[in-house]
Amino acid sequence: MAAILGAVSVLGVGFTRVCLGVHWLSDVVGGWLIGAALVAVSAAAYGKWGANRPQPADGA
C-alpha cells in the first residue's frame, strides 16, 4: 500500500509541475529516471553489502 501511495504521489507531483508550467515534461521524466536509477543502485548496494552483515547477539 505504501508503494502504491508513493508512486501515485510521485506521478501526481510530476504531472502537476508540467500542467502548471513550472517544468518541461523532459525535466520531470529526467527527474523520475534519476530517482529510479538512485533507487536501483541503492537496492543493489544493499543486496551486495548490507544484507550480508553479521547480526548482533541477542544481549548486545
Side-chain angles (χ1 to χ4, degrees):
M1 187 66 173
I4 293 170
L5 289 174
V8 168
S9 177
V10 167
L11 292 172
V13 168
F15 285 125
T16 59
R17 299 287 90 195
V18 174
C19 290
L20 291 172
V22 179
H23 293 286
W24 294 97
L25 180 60
S26 60
D27 297 340
V28 173
V29 172
W32 287 339
L33 291 174
I34 290 171
L38 181 61
V39 168
V41 167
S42 298
Y46 178 76
K48 183 166 179 68
W49 295 297
N52 296 328
R53 292 188 308 168
Q55 297 298 319
D58 291 337

Legend entry - Set of side-chain contact (heavy atoms from CB on, under 4.5 Å) partners for Val41, sequence neighbours left out: none

Inset, instruction - List, by chain and number, the other hydrophobic cluster members for Val28, where Ile, Leu, Val, Met, Phe, Trp and Tyr join if side-chain heavy atoms come within less than 4.5 Å, directly or indirectly. - result: Val10, Leu11, Phe15, Val18, Leu25, Val29, Trp32, Leu33

Legend entry - Within 6.0 Å of CG in Leu5, more than 12 heavy atoms from elsewhere: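 Yes, the 6.0 Å shell around CG holds more than 12 heavy atoms from other groups.
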
Legend entry - Donor-acceptor under 3.5 Å (Ser42 side chain, Leu38 main chain):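 Side chain of Ser42 to backbone of Leu38, a donor-acceptor pair under 3.5 Å: yes, one is there.
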
